[in-house]
Colleague: 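My questions all concern the structure below.
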2 protein chains.
Amino acid sequence: MAQTDTETTDLTAERLLKEAEALFAKKGFEGVSVREITTRAKCNLAAVNYHFGNKKNLYLEVFRCRWVPRAKRLQQHFKTGLPPNPSLQDLLETLARAFLAGPISDEDRCCHFQLMSRELGQPTEAFDMVADKVMQPFFAELAQRFDLSLGKDCEKDALLLDLLSVFAMVLYFSFAREAVTRITGHSYDERFKSRLVKQITAFSLRGLQGDPS
Amino acid sequence: MAQTDTETTDLTAERLLKEAEALFAKKGFEGVSVREITTRAKCNLAAVNYHFGNKKNLYLEVFRCRWVPRAKRLQQHFKTGLPPNPSLQDLLETLARAFLAGPISDEDRCCHFQLMSRELGQPTEAFDMVADKVMQPFFAELAQRFDLSLGKDCEKDALLLDLLSVFAMVLYFSFAREAVTRITGHSYDERFKSRLVKQITAFSLRGLQGDPS
DNA sequence: GTCTATAGCAGGATAGAC
DNA sequence: GTCTATCCTGCTATAGAC
């Protein structure tokens, strides 16, 4: 019912955003044509320019309207999935599971991390938004939570590098599926994804605290 | 002196490969035009088609003639950098240092990992070559070396996942420099790169063996 | 808000002179 | 082996009918 003026009930624009996201993730900004996007979205070639002004702005809106909200949802899922007084292992396992096997479709997950890794390697304007709205606040919050569980002997700097290391694994196992499959021989079924969550949890738990016993 | 017939003294082709690699790494295959490559290589537009047939084949030759040899050099540097009876820490530190601060220019290093991460996320024909000629043999060799240092209680499967986890960090800290800089506030000077080597070594050492004491 | 039609340009590739 | 000139396709973006 109540809707802002910028986000009216515009099914065409929604379809465009959806298809554009999938294609940008798969082929990159330059690898996709407006024609391909509009064809897939079953609308007219001119629709991109009408709704978003130009191709580049469509790309930015994909991040604004789809990527950032999904990232927030994943963060939320992590938070609500935590037990009351989470141990370090709880934190790591809930985190890994939220990102690797969280409450979104596998297709969306691939899409999400593909777009992310493209921006990580080749930052554009979208990266600024992601860094400000998603990465910085989330890492700040994570740092706090882990700080509590780790005791007092860790400097801020070291903790951030540790968190980045954990994040590196999450990202790698999400976006380099083909390579992981080649090396390990496993395909990404539910069983293997669960195995990966355990791997990241166990490896990081030891990595973070040194001695688990 | 002795030269194969496919790799004659062709300075233009060399320049093309060099400039093409830098541009493909920076902007991706679709983001670069043949015109841009030939302009940078200070040669004629037709040179790409004359020497390599077409743009796609130039991309493949970049991997064949530059990427794979560089990867082999890095692997070699890792091997010769190891002490006679390497401990687990020796293995990890030498490995991390070879890739993060090894015997190539920083420009080449960025280039190398950018191309790699593009192929990891979006495998093309080049990925097959890299997987067969570089990844598979290197991981097999690493698995052997780490197996010796770790004792008998590790299954092959778990070891591979551990190695992939280490590799995930190496890759992430190499190709996501912008994000790492935003989160940590550090720029990639020699000091910070050394810090990263220590981080990966220490984190992985604990992650791999559980109890460092 | 959606369409067709098209302007205007940049892209990869090639032919043929030198 | 290198050049110029050019073909032709495909692209983004826009104008204007409906």
Side-chain angles (χ1 to χ4, degrees), chain A residues 1 3-65 118 122 124-126, chain B residues 1-65 115 118 122 124-126:
Chain A
M1 348 242 131
Q3 282 167 342
T4 69
D5 51 348
T6 56
E7 307 224 31
T8 60
T9 314
D10 205 326
L11 296 179
T12 300
E14 288 304 315
R15 279 203 318 277
L16 278 171
L17 286 168
K18 181 174 155 62
E19 299 301 328
E21 182 177 37
L23 287 168
F24 285 145
K26 195 173 163 202
K27 310 187 181 186
F29 181 79
E30 324 263 5
V32 181
S33 69
V34 174
R35 282 169 156 78
E36 193 174 359
I37 296 168
T38 51
T39 301
R40 285 245 202 155
K42 295 196 202 311
C43 67
N44 192 268
L45 172 61
V48 162
N49 291 294
Y50 178 77
H51 287 284
F52 302 99
N54 56 38
K55 182 187 175 187
K56 188 170 174 227
N57 205 52
L58 168 60
Y59 180 79
L60 290 176
E61 288 299 311
V62 161
F63 274 85
R64 210 185 310 278
C65 302
R118 285 184 192 282
Q122 177 79 42
T124 72
E125 237 176 280
Chain B
M1 350 229 137
Q3 282 167 340
T4 69
D5 50 350
T6 57
E7 306 223 31
T8 59
T9 314
D10 204 325
L11 295 178
T12 301
E14 288 303 315
R15 278 204 317 278
L16 279 172
L17 286 169
K18 181 174 155 63
E19 299 302 329
E21 181 178 37
L23 287 168
F24 285 144
K26 195 173 162 200
K27 308 187 182 187
F29 181 79
E30 325 263 5
V32 180
S33 70
V34 172
R35 284 173 159 81
E36 192 174 359
I37 296 168
T38 51
T39 301
R40 286 245 202 155
K42 296 195 201 312
C43 67
N44 192 268
L45 172 62
V48 163
N49 291 294
Y50 178 77
H51 287 283
F52 302 98
N54 56 37
K55 183 188 175 187
K56 188 170 174 229
N57 205 52
L58 168 60
Y59 181 78
L60 290 176
E61 288 299 311
V62 161
F63 274 85
R64 211 188 310 277
C65 303
L115 285 172
R118 286 185 191 283
Q122 177 81 38
T124 70
E125 238 176 281

Colleague: In this structure, how many angstroms lie between the C1' atom of dT6(D) and the CZ atom of Arg35(B), rounded?
Modeller: 10 Å
Colleague: Once you round it to whole Å, what is the distance between P of dA13(C) and CG of Asn57(B)?
Modeller: 10 Å
Colleague: Indicate whether OP1 or OP2 belonging to dG10(D) is found under 4.0 Å from a side-chain N or O atom of Ser33(A).
Modeller: no
Colleague: Roughly how many Å is it from CZ in Phe29(B) to C1' in dG12(C), rounded to a whole number?
Modeller: 10 Å
Colleague: Expressed in angstrom and rounded to an integer, what is the separation of Leu45(B) atom CG from dA13(C) atom P?
Modeller: 10 Å
Colleague: Quick check on side-chain contact (heavy atoms from CB on, under 4.5 Å): which of Asn57(A), Leu16(A), Leu17(A) does Val62(A) satisfy it with?
Modeller: Leu17(A)
Colleague: Below 4.0 angstrom from OP1 or OP2 of dA13(D), is there any side-chain N or O of Asn49(A)?
Modeller: yes
Colleague: OP1 or OP2 of dT4(D) versus the side-chain N and O atoms of Asn44(B): is any pair under 4.0 Å?
Modeller: yes
Colleague: Select from Ala47(B) and Val32(A) the residue whose nearest nucleotide in DNA chain D is closer to the 5' end of that strand.
Modeller: Ala47(B)
Colleague: Do His51(B) and Glu61(B) have side-chain heavy atoms sitting under 4.5 Å apart?
Modeller: no
Colleague: Quick one: Leu23(B) CG to dG11(C) P, roughly how many Å, whole number?
Modeller: 12 Å
Colleague: Supply the atom-to-atom distance Thr38(B) OG1 to Arg15(B) CZ, rounded to the nearest 0.5 angstrom.
Modeller: 11.0 Å
Colleague: Expressed as a whole number of angstroms, how long is the span from Glu36(B):CD to dA13(C):P?
Modeller: 16 Å
Colleague: In whole angstrom, what separates Glu14(A)'s CD from dT2(C)'s C1'?
Modeller: 17 Å
Colleague: Within 45° of the six-membered ring axis of Phe29(A) and under 6.0 Å from that ring's centre, is NZ or CZ of Lys55(A) located there?
Modeller: yes
Colleague: Compare the minimum distances between each of dA13(D), dT2(C), dG12(C) and the side chain of Asn54(A), then state the nucleotide with the smallest one.
Modeller: dA13(D)
Colleague: Between dA13(D), dC3(C), dG1(C), which nucleotide gets closest to the side-chain atoms of Tyr50(A)?
Modeller: dG1(C)
Colleague: Is any side-chain heavy atom of Leu58(A) closer than 4.5 Å to one of Ile37(A)?
Modeller: yes
Colleague: From CG of Leu58(A) over to C1' of dC11(D), roughly how many Å is that when rounded to an integer?
Modeller: 15 Å
Colleague: On the nucleotide dG1(C), are OP1 or OP2 found under 4.0 Å from the side-chain N or O atoms that Thr12(A) carries?
Modeller: no
